[in-house]
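Okay, structure first, notes after.
Please read these numbers as outputs of a predicted model, since none were measured by experiment. Position 1 is the first residue of the sequence, and the numbers go up from there. Below, all heavy atoms of this structure are taken into account, side chains as well, without hydrogens, waters or symmetry copies.
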Amino acid sequence: YCFEYRWVHLRWSSNARIEYVERHWLYFAGFGFPVSVISYLCPRFIDAGVFALLFPLCVLTAMAAEPKPLRLAPRRLRRLPIFSCVQGVSCLALRAFELRLGGGAQKD
């Protein structure tokens, strides 16, 4: 959620956002890890307060972040296509929906 504010401000498309996350996946995994661990270890009531305190800081940090691409990693790990399955299912569902709408409409 923290980076969404920046990407909206930069007017990035959803494809650009997905590409960015897949190329900088290691940074994003590390960025959210400390807050996730704290939230997991705290009781629910305290977790809400910790989140309320840390989220604005995370948003500010995300605005200033400039993650570097993985250049020294093996080629397979430089871009991790973690959204490919979701994109495929979405495309199939949209095609099926489109065919259903197209098949029901009368052609002159």
Side-chain angles (χ1 to χ4, degrees):
Y1 295 128
C2 297
F3 284 86
E4 193 68 26
Y5 298 99
R6 179 181 182 185
W7 295 335
V8 167
H9 175 71
L10 295 173
R11 299 180 192 259
W12 284 8
S13 68
S14 59
N15 288 336
R17 297 173 196 188
I18 289 172
E19 176 77 19
Y20 191 78
V21 170
E22 288 180 345
R23 292 207 178 275
H24 300 91
W25 63 271
L26 189 59
Y27 177 83
F28 287 105
F31 184 86
F33 184 74
V35 176
S36 297
V37 168
I38 291 170
S39 296
Y40 180 75
L41 295 176
C42 292
R44 182 74 177 144
F45 182 71
I46 295 173
D47 167 42
V50 169
F51 183 79
L53 288 172
L54 294 180
F55 184 71
L57 179 66
C58 290
V59 170
L60 292 174
T61 306
M63 288 296 206
E66 293 182 17
K68 306 292 185 237
L70 297 171
R71 292 193 178 118
L72 300 177
R75 222 179 227 321
R76 296 186 313 265
L77 294 177
R78 289 185 191 167
R79 181 174 183 263
L80 194 64
I82 54 178
F83 296 108
S84 61
C85 183
V86 174
Q87 285 178 313
V89 170
S90 297
C91 286
L92 285 174
L94 287 173
R95 284 185 191 139
F97 185 70
E98 185 179 62
L99 288 173
R100 189 169 188 167
L101 283 179
Q106 295 179 357
K107 296 183 181 178
D108 292 330

Take atom OH of Tyr5 as the centre, draw a 6.0 Å sphere, and report whether it contains more than 12 heavy atoms from other residues, nucleotides or ligands.
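Atom OH in Tyr5 is not packed in, count stays at 12 or less.
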
Do Pro67 and Phe31 touch side chain to side chain, with heavy atoms closer than 4.5 Å?
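No. Closest side-chain heavy atoms not under 4.5 Å.
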
Taking the side chain as everything from C-beta on, heavy atoms only, tell me whether Leu60 gets closer than 4.5 Å to Pro56.
no

What about [X] and [Y], same hydrophobic cluster or not, with Ile/Leu/Val/Met/Phe/Trp/Tyr joined at side-chain heavy-atom distances under 4.5 Å?
{"X": "Tyr27", "Y": "Phe83", "value": "yes"}
{"X": "Leu53", "Y": "Val50", "value": "no"}
{"X": "Phe55", "Y": "Phe33", "value": "no"}
{"X": "Val89", "Y": "Leu94", "value": "no"}
{"X": "Val35", "Y": "Ile46", "value": "yes"}

Looking only at heavy atoms, what is the nearest atom pair of [X] and [Y], with distance?
{"X": "Asp47", "Y": "Cys42", "answer": "N-CB, 4.0 Å"}
{"X": "Val21", "Y": "Phe28", "answer": "CA-CE1, 3.8 Å"}
{"X": "Glu22", "Y": "Ile82", "answer": "OE2-N, 3.5 Å"}
{"X": "Pro81", "Y": "Ser84", "answer": "O-OG, 3.1 Å"}

Reported [atom1]-to-[atom2] distance for the pair [X] and [Y], which is rounded to 0.5 angstrom:
{"X": "Ser39", "Y": "Arg44", "atom1": "OG", "atom2": "CZ", "result": "9.0 Å"}
{"X": "Phe51", "Y": "Cys58", "atom1": "CZ", "atom2": "SG", "result": "8.0 Å"}
{"X": "Glu19", "Y": "His24", "atom1": "CD", "atom2": "NE2", "result": "9.5 Å"}
{"X": "Glu98", "Y": "Arg100", "atom1": "CD", "atom2": "CZ", "result": "14.0 Å"}
{"X": "Met63", "Y": "Arg6", "atom1": "CE", "atom2": "CZ", "result": "8.0 Å"}

Yes or no on side chain to side chain contact (heavy atoms under 4.5 Å, CB included) for Arg17 and Val8, after CA distance, side-chain angles and deciding distance?
CA-CA 10 Å; Arg17 297 173 196 188; Val8 167; 3.8 Å; yes

Hey, would you say the Tyr20 and Phe3 ring centroids sit under 6.0 Å apart?
no

